[in-house]
Amino acid sequence: MSDRFERVGSTSELGDGDRLSVILGDEISALVIRIGDDYYCVEDVCTHDGQPMTDGEISGCELTCPRHGAKFDIRTGKALCMPATQPVETFKVEIRSDEIFVQYPND
């Protein structure tokens, strides 16, 4: 993983359970999700069929793909149920003052 981080927003933009759709490195669609005081970032593509999960339901630390119901753990990216069998990519999040930074994917 790269050591570079990209500013993607501010903490005031997200309440508990909210998400922010972002583009990392000009090409990777991702979701920054706040659960309580924790922030997570996952690639916004279901590994089952390649569709976006932007509008998927969030329950606890699970994100459900709105298309076929695959569920993913937003902390680890792990696929939790069929039809997905592969994890989604996750990205490290840092909060600096009130700004949200996400680690760039591998170059």
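Values below: all heavy atoms of this structure, side chains included; hydrogens, waters and symmetry mates excluded.
Rounding to the nearest 0.5 angstrom, the gap separating the CD atom in Glu99 from the CZ atom in Arg7 is 4.0 Å. Put simply, NE2 on His48 and SG on Cys65 are 8.5 Å apart, with the number rounded to the nearest 0.5 Å.
One hydrophobic cluster, built from ILVMFWY side chains closer than 4.5 Å, holds both Leu14 and Val102. Clustering ILVMFWY residues whenever any of their side-chain heavy atoms sit less than 4.5 angstrom apart, transitively, puts Leu24 in the very cluster that holds Ile100.
Here the shortest heavy-atom pairing between Pro87 and Thr47 reads O-CG2, 3.0 Å. Shortest non-hydrogen contact noted between Phe72 and Ala79 is CD2-CA, 3.8 Å. Looking at every heavy atom in both residues, Gly25 comes nearest to Glu6 through N-OE1, 3.1 Å. Pairing each heavy atom of Met53 with each of Glu43, the nearest pair is CE-O, 4.0 Å. Closest approach of Ala84 to Ala70, counting heavy atoms only: CB-CB, 3.5 Å.
At a threshold of 4.5 Å between non-hydrogen side-chain atoms, the residues Ile58 and Ile35 count as touching. Counting only heavy atoms from C-beta outward, the side chains of Cys41 and Thr90 never approach each other to under 4.5 Å. Residues Tyr39 and Ile33 have side chains not in contact (no heavy-atom distance under 4.5 Å, counting atoms from C-beta outward).
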Run Glu62 and Leu80 through side-chain contact (heavy atoms from CB on, under 4.5 Å) and show every step you take. CA-CA 8 Å; Glu62 293 181 4; Leu80 300 173; 3.5 Å; yes

Verdict with reasoning, Val93 to Phe101, per side-chain contact (heavy atoms from CB on, under 4.5 Å): CA-CA 6 Å; Val93 177; Phe101 287 82; over 6 Å; no

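Residue pairs meeting the side-chain hydrogen bond (donor to acceptor under 3.5 Å, both in side chains) criterion with at least one member in residues 75-87, sequence neighbours excluded: Asp73-Arg75.
In this structure, Arg67 pairs ionically with Asp49, as a charged nitrogen and a carboxylate oxygen lie closer than 4.0 Å.
Remark: of the listed residues Val8, Ile28, Val42, Val22, Ile28 is the sole one forming a side-chain contact (heavy atoms from CB on, under 4.5 Å) with Phe91.
For the pair Glu13 (side chain) and Leu20 (backbone), a donor-acceptor distance under 3.5 Å is absent. Between the side chain of Arg34 and the backbone N or O of Gly36, at least one donor-acceptor pair lies under 3.5 Å. Judged by distance alone, with hydrogens and angles left aside, the side-chain atoms of Asp44 form a donor-acceptor pair with the main-chain N or O of Thr54 at under 3.5 Å. Looking only at distances, no side-chain donor or acceptor of Arg19 sits under 3.5 Å from a matching main-chain atom of Leu31.
For the pair Arg96 and Phe5, the cation-pi test (distance below 6.0 Å, angle within 45°) is passed.
In the displayed structure, Asp16 atom CG is contacted under 6.0 Å by more than 12 heavy atoms of other residues, nucleotides or ligands.
When only modelled atom types and interatomic distance are considered, Asp98 and Ser10 share no side-chain donor-acceptor pair under 3.5 Å.
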